[in-house]
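Have a look at the structure below before the remarks.
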Amino acid sequence: MNQSERITPRTLKGFRDYPPEVMIPRERLIDTARRVYCSYGFSPIDTPALEYLEILVGKGGEETDKQLYKFQDHGGRSVGLRFDLTVPLARFAAQHINRLGTPLKHYHIATVWRGENTQRGRYREFMQCDFDTIGTLSTAADIETALVIHDLLCAIGFSEFTIRINNRMVLTGLLERLDLADQATTVLRALDKLSKIGPDRVAEEMIATAKATEEQARQILRLSKISGTHDQVLKQIEPLVAQSATGAAGVTKLKEVVDGVQAAGIPQQRVVLDVSIARGLDYYTGTVFETFLDTLPEIGSICSGGRYDDLAELYTKRKLPGVGASLGLDRLLAAMEELGMVEKVATSAEVFIPYFDPDRLHDYLKLAAAIRAAGIDVELFPEPKKLGQQLKYADRRGHRIALIAGPDEFNTATCQVKNLATATQQDVPMEPDAASIIAAVKEILQQHPK
RNA sequence: GUGGCUGUAGCUCAGCCGGUUAGAGCACUGGAUUGUGGUUCCAGGGGUCGGGGGUUCGAGUCCCCUCAGCCACCCCA
């Protein structure tokens, strides 16, 4: 082919290829998320990547609409790629609730698309792992959401992280009292930046964009000075929202959530009441969560969510309150990569069989089949190269055990079981069903678990 | 979407005021070692210098456009 005709292989901005060393930890993470979600009784769902545009538009606020990938399909329909998994879930719930009943406990692990500018841990195509409880107003579901986030991060292998919790009603109550309720979104957006830009600039922004007075801004920022134990924080918030029924209810809910979380046995320091977190998305109405890694806070929240009691009302008359959260799989992976938590292996098969004796292909195939039948992943090298080269390949790919059998071994009906990590090996009898070999392999895998 | 920085081998980078055949380390392939990997030694392959256009006798180097990455804003997982 002429060089000028050749197409440059490339990927779009914010879209990535996933080679094995990326996919293996990625799939492990997905497995972990599945396991934790299932352990709380959540069951899997999926929805289409493409939705009618009207389903997606106007749910997360102006900014999210700008980031939506939208176009006309072949039939002239206005369509869009899903921006998150919460909006499709709300549609799903509204559409199927009569058949499924409540409460609905679902998890949804899938790709979403946002046409925004890229940055580290921030892509245009990325995967979210959502779990949601639909159809109950009970605070038990809010508490459980925090517990799932906690268990999930522990299961992934984190010990130093902080789940920040707030309730939007607290903020709404305060804004009502200050007669700023109609500016809620802009005020909350500004407040959300508190940890990043500091109180002075938040105040400036509130005055500029939300038309707040200096006194109003000062009142709101009193929240930011609140700190201490859960009880201390709650005591300080109470008087600020006392005149507002909404605010008082928010404080009560907040207390119920932290009490429940504590009762479930979660270490206090991992859960922080932070009245400044507001979440950008417009649809949150109650409890909100953000989760930060203490060792890498600058990457942003890696698991966020909250209660959205009115989202499904856009699709159904029926009241369908929901609460849930979303693990940002790709952002978390970027963080783990940076923290050196991602082991670089190119294979998940523990056992490697070198193609040693060129005349014994069938014996190797049989051996591999017997080991696979025992539930152990095994790779047979495809060509009878020099043994040293094959072992080098096995070492590089991250196999853990090599089963070496050449003419000598076949003559004595044995097989060398070699532990690649410790460079030790043992001769094991090779039976037709490979029982002794399988036993030896299992023993090594047990002694040196991953 | 706006602004800034960056782009040379698979990776990390060097390459002077534009000058002839574009370098290093690591990685890769082969050999030393015709049956044993992660150490060592030797050899080799691999680049139209992100892409396109311009200035120039001459461009990796200067200018413009474009694509991509990073950073800030914005927003968020």
Side-chain angles (χ1 to χ4, degrees), chain A residues 3-4 6-16 19 21 29 60-68 83-86 109-130 149 185 188-190 192-193 196-197 201 205 209 277-282 284 289-293 298-305 325-335 344 352 354-358 381 384-411 416-425:
Chain A
Q3 262 199 345
S4 59
R6 199 155 279 150
I7 298 156
T8 310
R10 57 186 185 146
T11 51
L12 284 162
K13 181 185 179 75
F15 289 71
R16 301 158 301 150
E21 66 271 22
L29 221 48
E62 226 176 283
E63 191 62 34
T64 61
D65 288 355
K66 272 194 267 171
Q67 295 178 3
L68 260 178
F83 169 93
D84 66 7
L85 300 179
T86 306
I109 299 175
T111 308
V112 302
W113 294 268
R114 295 183 190 179
E116 65 175 336
N117 236 335
T118 55
Q119 238 169 80
R120 176 182 58 164
R122 214 172 146 166
Y123 312 101
R124 288 184 171 178
E125 177 181 68
F126 59 98
M127 192 167 265
Q128 293 196 317
C129 309
D130 278 40
I149 296 173
T185 303
L188 295 185
R189 284 252 162 88
D192 213 30
K193 292 175 201 164
K196 211 166 182 180
I197 63 175
R201 288 180 54 202
E205 185 171 328
T209 64
I277 72 154
R279 309 293 310 121
L281 296 178
D282 289 354
Y284 291 111
F289 305 96
E290 290 204 335
T291 312
F292 293 90
L293 301 175
E298 63 270 23
I299 199 127
S301 173
I302 43 101
C303 190
S304 306
S326 177
L327 177 75
L329 184 84
D330 291 283
R331 177 173 289 185
L332 182 64
L333 270 170
K344 284 260 162 73
F352 176 77
Y355 187 173
F356 188 175
D357 184 339
F381 198 76
K385 283 222 282 192
K386 286 206 284 189
L387 185 59
Q389 291 172 341
Q390 295 192 51
L391 287 173
K392 188 174 177 182
Y393 168 86
D395 182 49
R396 214 173 51 226
R397 298 271 320 280
H399 295 285
R400 301 177 57 199
I401 293 167
L403 300 182
I404 304 170
D408 295 351
E409 282 76 17
F410 283 112
N411 283 335
Q416 284 184 30
V417 177
K418 177 168 184 140
N419 183 336
L420 289 167
T422 59
T424 54
Q425 49 196 311

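Both backbone and side-chain heavy atoms feed into the values below; hydrogens, waters and symmetry mates do not.
- Judged as a salt bridge (Lys or Arg N to Asp or Glu O under 4.0 Å), and not counting sequence neighbours, the contacts of A:R122 are A:E116.
- For B:rA43, the paired base is B:rU29 (Watson-Crick or G-U wobble, both distances below 3.5 Å).
- Proximity of a side-chain donor or acceptor of A:R124 to a complementary backbone N or O of A:G115 within less than 3.5 Å is not detected.
- Within the nucleic acid shown, A:A334 has no heavy atom closer than 4.0 Å to any nucleic acid atom.
- Rounding to whole angstrom units, CG of residue A:L68 and C1' of B:rG1 are separated by 15 Å.
- Heavy atoms of A:P354 sit nowhere under 4.0 angstrom from any nucleic acid atom.
- Separating the P atom of B:rC76 from that of B:rC67 is a span of 26 Å, rounded to the nearest Å.
- Listed by chain and residue number, A:D84, A:D130, A:Y283, A:Y308, A:L311 satisfy the side chain to side chain contact (heavy atoms under 4.5 Å, CB included) test with A:T86 (two or more places apart in sequence, or in another chain).
- Taking atom C1' in both B:rG53 and B:rC13, the straight-line distance is 29 Å, to the nearest Å.
- Between the side chain of A:Q390 and the base of B:rU36, no donor-acceptor pair under 3.5 Å is found.
- Under a 3.5 Å cut-off, the side chain of A:R120 and the backbone N or O of A:I299 do not form any donor-acceptor pair.
- Applying the side chain to side chain contact (heavy atoms under 4.5 Å, CB included) criterion to A:A110, with sequence neighbours excluded, gives A:D46, A:R82, A:L85, A:H108.
- For the C1' atoms, the distance from B:rG25 to B:rC71 is 28 Å, rounded to whole Å.
- Contacts of A:D408 with the nucleic acid, taken as non-hydrogen atoms under 4.0 Å apart, include base atoms.
- Using the Watson-Crick or G-U wobble rule with both distances under 3.5 Å, B:rU48 pairs with nothing in any strand shown.
- Between the side chain of A:R331 and the base of B:rC76, a donor-acceptor pair under 3.5 Å is found.
- One distance of note links CD of A:E290 with CD1 of A:I277; it measures 4.5 Å at 0.5 Å rounding.
- Every residue two or more places apart in sequence or in another chain that forms a side chain to side chain contact (heavy atoms under 4.5 Å, CB included) with A:P407 is listed here: A:D357.
- Using a 30° and 60° split on the angle between ring planes, A:F352 and A:F381 fall in the perpendicular class, above 60°.
- Remark: the A:E409 side chain and the B:rG35 base include a donor-acceptor N/O pair separated by less than 3.5 Å.
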Atom pairs, protein N/O to nucleotides 67-74 of chain B N/O, distance under 3.5 Å:
from	atom 1	to	atom 2	distance (Å)
B:rA68	OP1	A:K13	N	3.1
B:rG69	OP1	A:G14	N	2.8
B:rC71	OP1	A:R120	NE	3.3
B:rC71	OP2	A:R120	N	2.7
B:rA72	OP2	A:Q119	OE1	3.0
B:rC74	OP1	A:K193	NZ	3.1
B:rC74	N3	A:R122	NH2	3.4
B:rC74	N4	A:R122	NH1	2.7

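- With both pairing distances under 3.5 Å, B:rU2 is matched to B:rA72 as a Watson-Crick or G-U wobble pair.
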Any protein N or O atoms within reach of nucleotides 8-13 of chain B? Criterion: under 3.5 Å, listing atom names and distances.
none

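- Across all strands, A:L420 comes closer than 4.0 Å to base atoms (heavy-atom distances).
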Can you pull every protein N or O that's under 3.5 Å from an N or O on nucleotides 39-44 of chain B?
none

Report summary line: Whether each nucleotide of nucleotides 27-34 of chain B has a protein heavy atom under 4.0 Å at its base (B), only at its sugar-phosphate (S) or at neither (-) is summarised, 5' to 3', as -SSSSS--
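- Residue contacts shown for A:A402 are absent, as no nucleic acid heavy atom lies under 4.0 Å away.
- Side-chain atoms of A:F356 and A:P384, non-hydrogen and from C-beta on, never get closer than 4.5 Å to each other.
- Checking B:rG38 for Watson-Crick or G-U wobble geometry (two distances, each under 3.5 Å) identifies no partner in any strand.
- Here A:P19 pairs with A:E21, A:V22 under the side chain to side chain contact (heavy atoms under 4.5 Å, CB included) rule; sequence neighbours left out.
- With sequence neighbours left out, A:R16 forms a salt bridge (Lys or Arg N to Asp or Glu O under 4.0 Å) with A:D330.
- Partners of A:R201 under the salt bridge (Lys or Arg N to Asp or Glu O under 4.0 Å) rule, at least two apart in sequence or in another chain, do not exist in this structure.
- Nucleotides B:rG47 and B:rG23 are separated by 11 Å at their C1' atoms, to the nearest Å.
- For the C1' atoms, the distance from B:rC5 to B:rU36 is 50 Å, rounded to whole Å.
- Residues meeting the salt bridge (Lys or Arg N to Asp or Glu O under 4.0 Å) test with A:K66, sequence neighbours left out: A:E63.
- Taking atom C1' on both B:rA9 and B:rG15, the two are 14 Å apart, rounded to the nearest angstrom.
- Scanning both residues, A:R331 and A:S301, for their nearest heavy atoms gives NH1-O, 3.2 Å.
- Shortest non-hydrogen contact noted between A:T291 and A:C303 is OG1-O, 2.8 Å.
- B:rU39 and B:rG50 have their P atoms separated by 32 Å, with the value rounded to a whole Å.
- Spacing of P atoms, B:rA14 relative to B:rU8, comes out at 10 Å, to the nearest Å.
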